[in-house]
Amino acid sequence: MTTRKARDDLPPGASLVADALSALEPEHRVVVVRAFYRGESVAELAEALGLPQGAVKSRLHHGLRALRRTLLENGVMES
């Protein structure tokens, strides 16, 4: 996702977040990244990915749940 050099310039913990994002299933990662880093809406994602809005919402839910679990396990965040 990011290069090693770019990761060295990140604040503490940021590379752990990047690693957690990289660990997501591709179908989950794409909706999480596009929704939260690019600011795309569910409707925009559905149209761009050729999916029903319900599928986008489901992938977003499962992706965020997996991301949270990974961040908790790595001590990046507390429950």
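Atom set for the values below is all heavy atoms of this structure, side chains included, hydrogens, waters and symmetry mates excluded.
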> Considering all heavy atoms of both residues, which atom of Leu71 and which atom of Ala20 are nearest to each other, and what is their separation?
Replying inline: CD2-CB, 3.8 Å

> Counting distance only, does the side-chain N/O of Ser58 pair as donor-acceptor with the main-chain N or O of Gly54 below 3.5 Å?
Replying inline: no

> Atom OG1 in Thr70, atom CZ in Arg68: separation rounded to 0.5 Å?
Replying inline: 11.5 Å

> Do Leu67 and Phe36 come close enough that some side-chain heavy atom pair is under 4.5 Å?
Replying inline: no

> How far apart are the closest heavy atoms of Leu45 and Glu40, and which atoms are they?
Replying inline: CD2-OE1, 3.6 Å

> Tell me, do Val31 and Lys57 make a side-chain contact under 4.5 Å, heavy atoms counted?
Replying inline: no

>> Tell me the closest heavy-atom pair linking Ala46 and Pro52, and the distance in Å.
In response: CB-C, 4.1 Å

>> Within a 6.0 Å radius of atom CD on Glu44, are there more than 12 heavy atoms belonging to other residues, nucleotides or ligands?
In response: yes

> Step by step, would you call Glu27 with Arg59 a salt bridge (charged side-chain N to carboxylate O under 4.0 Å, His left out)?
Replying inline: CA-CA 7 Å; Glu27 69 247 12; Arg59 290 179 183 192; 5.7 Å; no

> Is there a donor-acceptor pair closer than 3.5 Å between any side-chain N or O of Arg29 and the backbone N or O of Leu24?
Replying inline: yes

> For the residue pair Ala43 and Gln53, what are the closest heavy atoms and their distance?
Replying inline: CB-NE2, 3.6 Å

>> Could you report the tightest heavy-atom contact between Ala35 and Leu60, atom names first, then the distance?
In response: CB-CD1, 4.1 Å

